[in-house]
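Here is the structure we will look at, set down as C-alpha coordinates.
Every value quoted in this text rests on a predicted model; they were computed, and no experiment measured them. Atoms within each ligand, like the ligands themselves, are counted from 1 in listed order. Below, all heavy atoms of this structure are taken into account, side chains as well, without hydrogens, waters or symmetry copies.
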Amino acid sequence: MTKVITYGTFDLFHEGHYRLLQRARMLGDYLIVGVTTDKYDIERGKLNVVDSLMTRIENVKKTGFADEIIIEETQGQKVNDVKKYNIDIFTVGSDWTGIFDFMNDYCKVIYLERTKNISSTMLREQNRRILKAGIIGTGRIANRFMPEVKLVSGISAQGVYNPHQQSAKQFAQKWQINAYNDLEMLFHDVDVVYIASPHETHYGYVKASLEHGKHVLCEKPMVLAEKQAKELFNYAREHNLILFEGIKTAYCPGFEKLLGIACSGIIGSIRYIDACFTKLEQKNNRELLDKKYGGSFTELGSYCLLPIIKLFGEKYESIRFDVVHDESGLDIFTKASFTFTRGIATAFCGLGVKSEGRLLIAGTKGYIVVEAPWWKTTYFEVHYEDASQVDKYSERFLSDGLRYEIKDFLNMINRNNKSDFKLTRGESVAMAGIMEKFLIEEGRLT
Ligand code: CTP
(Lines give C-alpha, C1' and ligand atoms only; values in the text may rest on other atoms or scores of the structure.)
Protein backbone atom coordinates (compact mmCIF):
# COMPACT_ATOMS: atom_id res chain seq x y z
CA MET A 1 0.00 0.00 0.00
CA THR A 2 1.36 3.42 -0.95
CA LYS A 3 0.81 5.97 1.80
CA VAL A 4 0.68 9.66 0.93
CA ILE A 5 0.73 12.67 3.26
CA THR A 6 -0.01 16.35 2.66
CA TYR A 7 -0.45 19.39 4.87
CA GLY A 8 -2.25 22.71 4.77
CA THR A 9 -4.35 25.27 6.59
CA PHE A 10 -7.31 24.80 4.24
CA ASP A 11 -8.88 28.07 5.30
CA LEU A 12 -12.03 29.15 3.40
CA PHE A 13 -11.88 25.82 1.56
CA HIS A 14 -11.62 26.41 -2.17
CA GLU A 15 -11.16 24.67 -5.51
CA GLY A 16 -7.36 24.76 -5.23
CA HIS A 17 -7.56 22.75 -2.01
CA TYR A 18 -10.03 20.29 -3.54
CA ARG A 19 -7.89 19.64 -6.61
CA LEU A 20 -4.75 19.28 -4.50
CA LEU A 21 -6.37 16.66 -2.27
CA GLN A 22 -7.89 14.85 -5.24
CA ARG A 23 -4.51 14.49 -6.95
CA ALA A 24 -2.73 13.68 -3.69
CA ARG A 25 -5.15 10.80 -3.13
CA MET A 26 -4.48 9.52 -6.65
CA LEU A 27 -0.74 9.30 -5.94
CA GLY A 28 -1.30 6.30 -3.66
CA ASP A 29 -3.74 4.08 -1.81
CA TYR A 30 -4.06 5.92 1.47
CA LEU A 31 -4.03 9.68 2.10
CA ILE A 32 -3.26 11.38 5.38
CA VAL A 33 -4.02 15.11 5.55
CA GLY A 34 -2.40 17.29 8.21
CA VAL A 35 -4.42 20.37 9.10
CA THR A 36 -2.60 23.16 10.97
CA THR A 37 -3.76 24.33 14.38
CA ASP A 38 -4.59 28.02 14.90
CA LYS A 39 -1.64 28.34 17.24
CA TYR A 40 0.81 26.87 14.75
CA ASP A 41 -0.46 29.24 12.06
CA ILE A 42 0.08 32.21 14.36
CA GLU A 43 3.57 30.99 15.16
CA ARG A 44 4.50 30.84 11.49
CA GLY A 45 3.08 34.29 10.86
CA LYS A 46 -0.30 33.35 9.33
CA LEU A 47 -2.29 35.71 11.46
CA ASN A 48 -5.67 35.97 9.82
CA VAL A 49 -7.05 32.50 9.37
CA VAL A 50 -10.82 32.83 9.34
CA ASP A 51 -12.19 29.30 9.82
CA SER A 52 -11.80 27.42 13.09
CA LEU A 53 -9.76 24.23 13.16
CA MET A 54 -12.95 22.15 13.38
CA THR A 55 -14.44 23.82 10.31
CA ARG A 56 -11.23 23.36 8.35
CA ILE A 57 -11.08 19.67 9.31
CA GLU A 58 -14.77 19.23 8.42
CA ASN A 59 -14.17 20.73 4.99
CA VAL A 60 -11.24 18.41 4.29
CA LYS A 61 -13.34 15.47 5.49
CA LYS A 62 -16.26 16.41 3.20
CA THR A 63 -14.11 15.95 0.09
CA GLY A 64 -13.94 12.23 0.84
CA PHE A 65 -10.28 12.11 -0.29
CA ALA A 66 -8.70 11.91 3.16
CA ASP A 67 -8.43 8.45 4.69
CA GLU A 68 -7.10 9.99 7.86
CA ILE A 69 -6.85 13.55 9.18
CA ILE A 70 -4.23 14.61 11.70
CA ILE A 71 -3.39 18.00 13.12
CA GLU A 72 -0.11 19.76 12.52
CA GLU A 73 0.89 21.68 15.60
CA THR A 74 4.65 22.14 15.58
CA GLN A 75 7.50 22.99 13.32
CA GLY A 76 9.47 19.84 12.50
CA GLN A 77 6.46 17.59 12.88
CA LYS A 78 6.42 16.55 9.23
CA VAL A 79 9.51 14.34 9.33
CA ASN A 80 8.28 12.63 12.46
CA ASP A 81 4.90 12.01 10.85
CA VAL A 82 6.56 10.49 7.79
CA LYS A 83 8.37 8.01 10.05
CA LYS A 84 5.43 7.42 12.37
CA TYR A 85 2.92 6.72 9.61
CA ASN A 86 5.36 4.91 7.24
CA ILE A 87 4.78 7.43 4.52
CA ASP A 88 5.92 6.76 0.94
CA ILE A 89 5.06 10.10 -0.64
CA PHE A 90 5.00 13.61 0.76
CA THR A 91 3.17 16.08 -1.46
CA VAL A 92 2.26 19.77 -1.47
CA GLY A 93 1.42 22.44 -4.02
CA SER A 94 4.02 23.88 -6.37
CA ASP A 95 4.15 27.14 -4.37
CA TRP A 96 6.42 25.15 -2.04
CA THR A 97 8.74 23.83 -4.77
CA GLY A 98 12.21 23.23 -3.39
CA ILE A 99 11.30 24.00 0.20
CA PHE A 100 10.63 20.40 1.11
CA ASP A 101 13.45 18.79 -0.90
CA PHE A 102 15.10 17.80 2.39
CA MET A 103 12.22 15.38 2.97
CA ASN A 104 13.62 13.25 0.08
CA ASP A 105 15.85 11.65 2.71
CA TYR A 106 12.78 10.10 4.27
CA CYS A 107 10.27 9.55 1.44
CA LYS A 108 9.49 10.65 -2.11
CA VAL A 109 8.57 14.35 -2.48
CA ILE A 110 6.12 15.43 -5.17
CA TYR A 111 5.12 19.03 -5.84
CA LEU A 112 1.71 19.21 -7.50
CA GLU A 113 0.89 22.08 -9.84
CA ARG A 114 -0.93 24.78 -7.88
CA THR A 115 -4.39 25.73 -9.18
CA LYS A 116 -4.19 29.16 -10.70
CA ASN A 117 -6.01 32.30 -9.54
CA ILE A 118 -7.34 31.07 -6.24
CA SER A 119 -6.01 31.15 -2.69
CA SER A 120 -7.29 31.58 0.86
CA THR A 121 -5.48 34.92 1.01
CA MET A 122 -7.36 36.09 -2.08
CA LEU A 123 -10.69 35.02 -0.61
CA ARG A 124 -9.92 36.69 2.71
CA GLU A 125 -9.14 39.94 0.94
CA GLN A 126 -12.32 39.71 -1.15
CA ASN A 127 -14.44 39.01 1.92
CA ARG A 128 -13.18 41.95 3.80
CA ARG A 129 -11.93 45.36 2.96
CA ILE A 130 -8.68 46.55 4.44
CA LEU A 131 -9.31 48.66 7.52
CA LYS A 132 -7.48 51.96 7.61
CA ALA A 133 -5.84 52.73 10.92
CA GLY A 134 -5.16 56.17 12.34
CA ILE A 135 -2.45 56.45 14.95
CA ILE A 136 -2.66 58.99 17.75
CA GLY A 137 0.72 59.61 19.35
CA THR A 138 4.22 59.40 17.96
CA GLY A 139 6.26 58.08 20.87
CA ARG A 140 8.18 54.86 21.44
CA ILE A 141 5.14 52.60 21.45
CA ALA A 142 3.69 54.08 18.28
CA ASN A 143 7.06 53.42 16.64
CA ARG A 144 6.85 49.79 17.74
CA PHE A 145 3.31 49.51 16.45
CA MET A 146 4.24 50.41 12.88
CA PRO A 147 6.36 47.38 11.90
CA GLU A 148 3.93 45.08 13.68
CA VAL A 149 0.78 46.39 12.00
CA LYS A 150 2.38 45.68 8.63
CA LEU A 151 2.44 41.97 9.54
CA VAL A 152 -1.29 41.65 10.08
CA SER A 153 -3.35 41.43 6.92
CA GLY A 154 -6.65 43.30 6.72
CA ILE A 155 -5.35 46.51 8.28
CA SER A 156 -3.07 49.27 7.04
CA ALA A 157 -1.73 52.40 8.68
CA GLN A 158 -3.26 55.46 7.04
CA GLY A 159 -1.88 58.33 9.04
CA VAL A 160 -0.76 59.77 12.32
CA TYR A 161 -1.99 62.58 14.51
CA ASN A 162 -0.04 64.57 17.06
CA PRO A 163 -1.02 68.07 18.20
CA HIS A 164 2.68 68.92 17.76
CA GLN A 165 2.81 69.20 14.00
CA GLN A 166 6.53 68.60 13.74
CA SER A 167 6.34 65.29 15.59
CA ALA A 168 3.49 64.08 13.39
CA LYS A 169 5.43 65.10 10.28
CA GLN A 170 8.61 63.32 11.34
CA PHE A 171 6.74 60.15 12.27
CA ALA A 172 4.77 60.21 9.02
CA GLN A 173 7.94 60.65 6.99
CA LYS A 174 9.69 57.82 8.78
CA TRP A 175 6.83 55.37 8.22
CA GLN A 176 5.62 56.72 4.87
CA ILE A 177 2.10 57.54 6.03
CA ASN A 178 0.08 60.78 6.19
CA ALA A 179 0.49 63.37 8.92
CA TYR A 180 -2.63 64.98 10.38
CA ASN A 181 -2.79 67.99 12.63
CA ASP A 182 -6.57 68.07 12.56
CA LEU A 183 -8.18 65.20 14.44
CA GLU A 184 -11.44 65.55 12.50
CA MET A 185 -9.55 64.97 9.26
CA LEU A 186 -7.95 61.85 10.67
CA PHE A 187 -11.34 60.50 11.80
CA HIS A 188 -12.71 61.24 8.35
CA ASP A 189 -10.07 59.08 6.69
CA VAL A 190 -9.84 56.05 8.96
CA ASP A 191 -11.88 53.08 10.23
CA VAL A 192 -9.99 52.28 13.40
CA VAL A 193 -7.83 54.26 15.80
CA TYR A 194 -4.74 53.16 17.69
CA ILE A 195 -4.00 55.38 20.70
CA ALA A 196 -0.46 55.56 22.05
CA SER A 197 -0.43 59.07 23.48
CA PRO A 198 0.41 60.01 27.12
CA HIS A 199 -1.85 58.20 29.65
CA GLU A 200 -3.92 61.17 30.75
CA THR A 201 -4.95 61.97 27.15
CA HIS A 202 -6.34 58.47 26.48
CA TYR A 203 -9.83 59.14 27.85
CA GLY A 204 -10.41 62.14 25.60
CA TYR A 205 -9.03 60.46 22.49
CA VAL A 206 -10.91 57.19 23.05
CA LYS A 207 -14.16 59.10 23.63
CA ALA A 208 -13.72 61.26 20.54
CA SER A 209 -12.80 58.23 18.40
CA LEU A 210 -15.83 56.25 19.56
CA GLU A 211 -18.09 59.25 19.02
CA HIS A 212 -16.86 59.34 15.44
CA GLY A 213 -17.85 55.68 15.03
CA LYS A 214 -14.30 54.30 15.12
CA HIS A 215 -13.15 51.06 16.69
CA VAL A 216 -10.36 51.74 19.18
CA LEU A 217 -7.25 49.95 20.32
CA CYS A 218 -5.81 51.96 23.20
CA GLU A 219 -2.48 51.36 24.89
CA LYS A 220 -2.43 50.53 28.57
CA PRO A 221 -3.41 51.95 30.97
CA MET A 222 -6.46 52.80 28.91
CA VAL A 223 -7.78 55.18 31.54
CA LEU A 224 -6.93 56.01 35.14
CA ALA A 225 -10.44 56.03 36.62
CA GLU A 226 -13.01 53.25 36.91
CA LYS A 227 -15.95 55.46 36.00
CA GLN A 228 -14.26 56.53 32.77
CA ALA A 229 -13.51 52.92 31.78
CA LYS A 230 -17.13 51.89 32.39
CA GLU A 231 -18.44 54.87 30.44
CA LEU A 232 -16.23 54.17 27.43
CA PHE A 233 -16.96 50.42 27.33
CA ASN A 234 -20.69 51.07 27.68
CA TYR A 235 -20.61 53.61 24.87
CA ALA A 236 -18.69 51.19 22.63
CA ARG A 237 -21.09 48.34 23.35
CA GLU A 238 -24.18 50.49 22.72
CA HIS A 239 -22.74 51.61 19.39
CA ASN A 240 -21.45 48.21 18.27
CA LEU A 241 -17.87 49.34 18.38
CA ILE A 242 -14.85 47.39 19.53
CA LEU A 243 -12.79 48.96 22.29
CA PHE A 244 -9.64 47.09 23.28
CA GLU A 245 -7.08 47.88 25.95
CA GLY A 246 -3.68 47.02 24.50
CA ILE A 247 -1.86 45.06 27.16
CA LYS A 248 0.22 42.97 24.78
CA THR A 249 0.87 40.16 27.28
CA ALA A 250 -2.85 39.36 27.43
CA TYR A 251 -2.86 38.45 23.74
CA CYS A 252 0.42 36.59 23.35
CA PRO A 253 0.35 32.81 22.88
CA GLY A 254 2.65 32.01 25.80
CA PHE A 255 0.51 33.87 28.32
CA GLU A 256 -2.59 32.06 27.08
CA LYS A 257 -0.79 28.77 27.55
CA LEU A 258 0.38 29.83 31.02
CA LEU A 259 -3.15 30.65 32.15
CA GLY A 260 -4.34 27.28 30.86
CA ILE A 261 -1.64 25.42 32.79
CA ALA A 262 -2.12 27.52 35.93
CA CYS A 263 -5.85 26.77 35.95
CA SER A 264 -5.48 23.10 35.01
CA GLY A 265 -5.15 21.93 38.59
CA ILE A 266 -1.56 20.68 38.26
CA ILE A 267 -0.41 23.17 40.89
CA GLY A 268 -3.61 22.64 42.86
CA SER A 269 -5.55 25.74 43.91
CA ILE A 270 -3.74 29.00 43.34
CA ARG A 271 -2.98 30.80 46.60
CA TYR A 272 -0.25 33.34 45.79
CA ILE A 273 0.81 35.38 42.76
CA ASP A 274 3.86 37.59 42.63
CA ALA A 275 4.50 39.65 39.48
CA CYS A 276 7.43 42.00 39.03
CA PHE A 277 8.28 44.36 36.17
CA THR A 278 11.07 46.91 36.49
CA LYS A 279 12.84 48.97 33.90
CA LEU A 280 15.41 51.66 34.61
CA GLU A 281 14.42 54.83 32.80
CA GLN A 282 16.42 57.84 31.70
CA LYS A 283 15.76 60.82 33.98
CA ASN A 284 14.41 62.89 31.09
CA ASN A 285 11.78 60.36 29.96
CA ARG A 286 8.11 61.30 30.20
CA GLU A 287 7.44 58.57 32.80
CA LEU A 288 9.79 60.29 35.24
CA LEU A 289 9.11 63.89 34.26
CA ASP A 290 5.33 63.73 34.51
CA LYS A 291 4.75 64.22 38.23
CA LYS A 292 0.98 63.75 38.03
CA TYR A 293 0.50 60.73 35.76
CA GLY A 294 4.02 59.33 35.46
CA GLY A 295 5.85 56.94 37.79
CA SER A 296 6.28 53.21 38.05
CA PHE A 297 2.74 52.10 38.79
CA THR A 298 0.89 53.90 36.00
CA GLU A 299 3.63 52.89 33.58
CA LEU A 300 4.00 49.19 34.45
CA GLY A 301 1.14 48.35 36.79
CA SER A 302 -1.16 47.08 34.02
CA TYR A 303 1.25 44.24 33.23
CA CYS A 304 1.62 43.13 36.85
CA LEU A 305 -2.11 43.40 37.56
CA LEU A 306 -2.95 41.26 34.55
CA PRO A 307 -2.04 37.77 35.88
CA ILE A 308 -3.41 38.69 39.31
CA ILE A 309 -6.80 39.74 38.00
CA LYS A 310 -6.95 36.94 35.42
CA LEU A 311 -6.30 34.28 38.06
CA PHE A 312 -7.92 35.70 41.20
CA GLY A 313 -10.71 37.72 39.61
CA GLU A 314 -11.71 41.37 39.53
CA LYS A 315 -12.81 41.65 43.16
CA TYR A 316 -10.15 41.92 45.83
CA GLU A 317 -10.77 42.19 49.56
CA SER A 318 -7.99 44.63 50.32
CA ILE A 319 -5.19 46.45 48.58
CA ARG A 320 -2.19 48.23 50.05
CA PHE A 321 0.50 50.26 48.29
CA ASP A 322 4.06 50.56 49.60
CA VAL A 323 5.99 53.11 47.63
CA VAL A 324 9.58 54.30 47.23
CA HIS A 325 9.57 57.89 45.95
CA ASP A 326 12.29 59.87 44.23
CA GLU A 327 13.34 63.31 45.48
CA SER A 328 10.46 64.93 43.57
CA GLY A 329 7.87 62.66 45.18
CA LEU A 330 7.26 60.41 42.15
CA ASP A 331 6.91 56.66 42.73
CA ILE A 332 9.96 54.88 41.36
CA PHE A 333 9.20 51.56 43.02
CA THR A 334 5.73 50.43 44.00
CA LYS A 335 4.54 47.30 45.67
CA ALA A 336 0.80 46.66 45.54
CA SER A 337 -0.31 43.92 47.97
CA PHE A 338 -3.72 42.33 47.56
CA THR A 339 -5.83 39.93 49.52
CA PHE A 340 -8.54 37.94 47.76
CA THR A 341 -10.90 35.37 49.25
CA ARG A 342 -8.83 32.66 47.56
CA GLY A 343 -5.30 33.93 48.14
CA ILE A 344 -2.89 36.83 48.19
CA ALA A 345 -0.87 38.65 45.52
CA THR A 346 1.85 41.22 45.08
CA ALA A 347 2.65 43.42 42.10
CA PHE A 348 6.06 45.13 42.01
CA CYS A 349 6.74 47.90 39.50
CA GLY A 350 9.95 49.86 39.23
CA LEU A 351 11.37 52.64 37.11
CA GLY A 352 14.16 53.58 39.48
CA VAL A 353 14.83 50.23 41.20
CA LYS A 354 15.85 47.12 39.29
CA SER A 355 14.67 43.66 40.22
CA GLU A 356 14.07 40.34 38.50
CA GLY A 357 11.20 40.44 35.99
CA ARG A 358 9.72 37.21 37.20
CA LEU A 359 6.20 35.90 37.70
CA LEU A 360 5.50 33.32 40.39
CA ILE A 361 2.22 31.50 40.79
CA ALA A 362 2.02 29.29 43.88
CA GLY A 363 -0.62 26.67 44.51
CA THR A 364 -1.51 23.93 46.94
CA LYS A 365 0.36 21.28 44.92
CA GLY A 366 3.19 23.20 43.26
CA TYR A 367 4.25 26.47 41.71
CA ILE A 368 4.96 28.02 38.33
CA VAL A 369 7.90 30.32 37.65
CA VAL A 370 7.82 32.34 34.45
CA GLU A 371 11.28 33.38 33.42
CA ALA A 372 12.07 37.09 32.90
CA PRO A 373 10.78 38.92 30.99
CA TRP A 374 7.58 37.12 32.02
CA TRP A 375 5.39 39.68 30.21
CA LYS A 376 6.65 38.18 26.93
CA THR A 377 5.90 34.69 28.31
CA THR A 378 8.29 32.51 26.36
CA TYR A 379 9.41 30.03 29.01
CA PHE A 380 8.01 28.73 32.28
CA GLU A 381 8.51 25.83 34.63
CA VAL A 382 6.20 23.98 36.95
CA HIS A 383 7.81 22.79 40.21
CA TYR A 384 6.55 20.45 42.87
CA GLU A 385 7.46 19.32 46.37
CA ASP A 386 9.80 16.78 44.80
CA ALA A 387 12.46 19.20 43.52
CA SER A 388 13.65 16.72 40.88
CA GLN A 389 10.30 16.89 39.08
CA VAL A 390 10.12 19.93 36.78
CA ASP A 391 7.76 20.42 33.81
CA LYS A 392 9.04 22.87 31.22
CA TYR A 393 6.96 24.86 28.75
CA SER A 394 7.98 27.23 26.02
CA GLU A 395 6.23 29.34 23.43
CA ARG A 396 7.32 31.87 20.84
CA PHE A 397 6.91 35.62 21.26
CA LEU A 398 7.79 37.33 18.02
CA SER A 399 9.56 40.68 18.07
CA ASP A 400 7.57 43.33 19.97
CA GLY A 401 4.50 41.13 20.14
CA LEU A 402 2.00 43.84 19.24
CA ARG A 403 0.89 41.74 16.26
CA TYR A 404 -1.07 39.46 18.59
CA GLU A 405 -3.26 42.20 20.01
CA ILE A 406 -3.73 43.80 16.58
CA LYS A 407 -4.82 40.43 15.19
CA ASP A 408 -7.33 39.88 18.00
CA PHE A 409 -8.63 43.42 17.66
CA LEU A 410 -9.20 42.84 13.96
CA ASN A 411 -10.81 39.47 14.54
CA MET A 412 -13.26 41.07 16.95
CA ILE A 413 -14.12 43.78 14.43
CA ASN A 414 -14.62 41.20 11.70
CA ARG A 415 -16.65 39.06 14.11
CA ASN A 416 -14.35 36.07 13.76
CA ASN A 417 -13.76 36.21 17.52
CA LYS A 418 -16.91 36.75 19.42
CA SER A 419 -15.43 36.94 22.87
CA ASP A 420 -13.05 39.31 24.59
CA PHE A 421 -11.97 36.56 27.00
CA LYS A 422 -8.26 37.37 26.73
CA LEU A 423 -8.85 40.71 28.42
CA THR A 424 -12.46 41.35 29.31
CA ARG A 425 -14.14 44.70 29.80
CA GLY A 426 -14.62 43.84 33.47
CA GLU A 427 -10.89 43.17 33.87
CA SER A 428 -9.96 46.46 32.19
CA VAL A 429 -12.43 48.32 34.39
CA ALA A 430 -10.98 46.67 37.51
CA MET A 431 -7.48 47.74 36.50
CA ALA A 432 -8.61 51.32 35.93
CA GLY A 433 -10.13 51.24 39.42
CA ILE A 434 -6.83 50.11 40.96
CA MET A 435 -4.88 52.81 39.09
CA GLU A 436 -7.35 55.40 40.35
CA LYS A 437 -7.02 54.19 43.94
CA PHE A 438 -3.25 54.41 43.67
CA LEU A 439 -3.30 57.96 42.30
CA ILE A 440 -5.72 59.05 45.04
CA GLU A 441 -3.51 57.54 47.75
CA GLU A 442 -0.50 59.26 46.24
CA GLY A 443 -2.43 62.52 46.47
CA ARG A 444 -2.35 63.05 42.73
CA LEU A 445 -6.12 62.79 42.17
CA THR A 446 -8.79 64.18 44.40
N1 CTP B 1 -3.03 24.87 -3.07
C2 CTP B 1 -3.13 24.60 -4.43
N3 CTP B 1 -3.69 25.57 -5.23
C4 CTP B 1 -4.14 26.73 -4.73
C5 CTP B 1 -4.05 27.00 -3.35
C6 CTP B 1 -3.49 26.03 -2.54
O7 CTP B 1 -2.73 23.57 -4.89
N8 CTP B 1 -4.64 27.64 -5.55
C9 CTP B 1 -2.41 23.89 -2.19
C10 CTP B 1 -1.18 24.40 -1.47
O11 CTP B 1 -0.04 24.39 -2.29
C12 CTP B 1 -1.07 23.42 -0.29
C13 CTP B 1 -2.55 23.11 0.01
O14 CTP B 1 -3.29 23.50 -1.15
O15 CTP B 1 -0.43 22.24 -0.71
C16 CTP B 1 -3.04 23.83 1.22
O17 CTP B 1 -2.70 25.19 1.06
P18 CTP B 1 -3.08 26.41 2.02
O19 CTP B 1 -1.85 27.09 2.40
O20 CTP B 1 -4.02 25.93 3.05
O21 CTP B 1 -3.94 27.30 0.97
P22 CTP B 1 -3.65 28.69 0.31
O23 CTP B 1 -4.85 29.04 -0.50
O24 CTP B 1 -2.33 28.70 -0.42
O25 CTP B 1 -3.59 29.61 1.60
P26 CTP B 1 -2.93 31.05 1.85
O27 CTP B 1 -3.43 31.95 0.77
O28 CTP B 1 -3.40 31.43 3.22
O29 CTP B 1 -1.44 30.85 1.79
Side-chain angles (χ1 to χ4, degrees), residues 2-28 30-79 81-82 85 87-104 106-130 150-156 398 403-404 406-407 410-411 414 416-417:
T2 305
K3 286 179 106 179
V4 182
I5 198 161
T6 189
Y7 296 86
T9 305
F10 303 105
D11 189 28
L12 301 172
F13 199 88
H14 55 69
E15 193 202 337
H17 295 145
Y18 185 91
R19 292 197 57 237
L20 186 285
L21 294 178
Q22 186 178 40
R23 285 171 293 155
R25 179 64 180 77
M26 278 158 46
L27 291 173
Y30 192 85
L31 175 66
I32 299 179
V33 181
V35 182
T36 54
T37 62
D38 299 344
K39 224 168 76 163
Y40 179 48
D41 276 325
I42 290 171
E43 262 174 46
R44 60 197 192 117
K46 223 172 181 170
L47 289 171
N48 268 347
V49 174
V50 173
D51 289 334
S52 70
L53 175 61
M54 290 314 286
T55 305
R56 293 182 285 115
I57 288 175
E58 274 308 310
N59 287 336
V60 168
K61 207 187 258 173
K62 270 190 221 151
T63 63
F65 297 131
D67 296 287
E68 192 172 339
I69 297 175
I70 58 171
I71 60 169
E72 185 183 18
E73 32 187 358
T74 50
Q75 209 179 8
Q77 183 184 321
K78 291 187 177 77
V79 170
D81 286 345
V82 165
Y85 297 103
I87 297 298
D88 303 290
I89 299 172
F90 168 88
T91 185
V92 273
S94 53
D95 43 325
W96 295 99
T97 300
I99 292 175
F100 290 106
D101 286 359
F102 70 94
M103 299 274 288
N104 274 309
Y106 310 96
C107 62
K108 191 170 174 188
V109 176
I110 298 178
Y111 298 104
L112 293 168
E113 179 89 22
R114 191 179 157 89
T115 307
K116 295 205 169 42
N117 301 324
I118 182 86
S119 74
S120 304
T121 306
M122 208 173 104
L123 294 176
R124 282 193 288 263
E125 300 300 322
Q126 275 171 11
N127 286 354
R128 145 186 352 142
R129 67 197 177 94
I130 309 272
K150 285 187 203 297
L151 297 169
V152 182
S153 57
I155 184 165
S156 85
L398 297 171
R403 66 194 67 182
Y404 306 115
I406 302 171
K407 177 189 86 61
L410 220 63
N411 277 342
N414 293 320
N416 299 331
N417 275 9

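In this structure, Y106 and I87 have side chains that are not in contact, with every pair of non-hydrogen atoms separated by 4.5 Å or more.
With V60, V92, D95 as candidates, the residue nearest to atom 10 (C) of ligand 1 on a non-hydrogen basis is D95.
Closest protein heavy atom to atom 28 (O) of ligand 1: R124 NH2, 2.8 Å. Protein heavy atom in closest approach to atom 27 (O) of ligand 1: T121 OG1, 2.4 Å. Remark: minimum distance from atom 6 (C) of ligand 1 to any protein heavy atom is reached at R114 NH1, 3.2 Å. From the protein, the heavy atom lying nearest to atom 18 (P) of ligand 1 is H17 NE2, 3.7 Å. Nearest protein heavy-atom contact of atom 20 (O) of ligand 1 is F10 N, 2.8 Å.
Ion pairing between a basic and an acidic side chain is recognised when a charged N comes within 4.0 Å of a carboxylate O; K116 and E113 show such pairing. With respect to D67 and R25, a salt bridge is recorded, a charged nitrogen being found less than 4.0 Å from a carboxylate O. A salt bridge does not link K3 to D88: none of the charged nitrogens lies less than 4.0 Å from a carboxylate oxygen. D38 and R56 are joined by a salt bridge, as a carboxylate oxygen and a charged side-chain nitrogen come within less than 4.0 angstrom of each other. A salt bridge between K78 and E72 is present, with a side-chain N of the basic residue lying under 4.0 Å from a carboxylate O of the acidic one.
When heavy-atom distances to ligand 1 are checked against a 4.0 Å cut-off, R19 has no atom that comes that close, whether in backbone or side chain. Of all the heavy atoms of L20, the ones lying under 4.0 Å from any atom of ligand 1 belong exclusively to the side chain. Within the 4.0 Å heavy-atom criterion, neither part of E15 lies near ligand 1.
Of all heavy-atom pairs spanning T9 and V35, the tightest one is O-CG1, 4.0 Å.
You'll find the ring centres of F65 and Y18 inside the 6.0 Å limit.
F90 pairs with exactly one of F100, Y111, F102 by the ring-ring contact (aromatic ring centres under 6.0 Å, His included) rule, that one being F100.
Checking only distances, R23 never comes within under 3.5 Å of ligand 1, N or O to N or O. Residue D11 has no N or O atom closer than 3.5 Å to an N or O atom of ligand 1. Close N/O approach between M122 and ligand 1 is not found [any backbone or side-chain N/O within under 3.5 Å]. At least one N or O atom of G93 sits closer than 3.5 Å to an N or O atom of ligand 1.
Using a 4.0 Å cut-off to heavy atoms of S119, the atoms of ligand 1 that qualify are 23 (O), 27 (O). Ligand 1 places these atoms under 4.0 Å from at least one heavy atom of K46: 19 (O), 25 (O), 26 (P), 28 (O), 29 (O). Each of the following atoms of ligand 1 lies closer than 4.0 Å to a heavy atom of S120: 21 (O), 22 (P), 23 (O), 25 (O), 26 (P), 27 (O), 28 (O). Within ligand 1, the atoms closer than 4.0 Å to a non-hydrogen atom of T9 are 20 (O), numbered from 1 in the order shown. For ligand 1, the atoms closer than 4.0 angstrom to any heavy atom of I118 are 4 (C), 5 (C), 8 (N).
The backbone N or O of V50 sits less than 3.5 Å from a side-chain atom of D11, completing a donor-acceptor pair. S94 places no side-chain N or O within donor-acceptor distance of the main-chain N or O of T97, the cut-off being under 3.5 Å.
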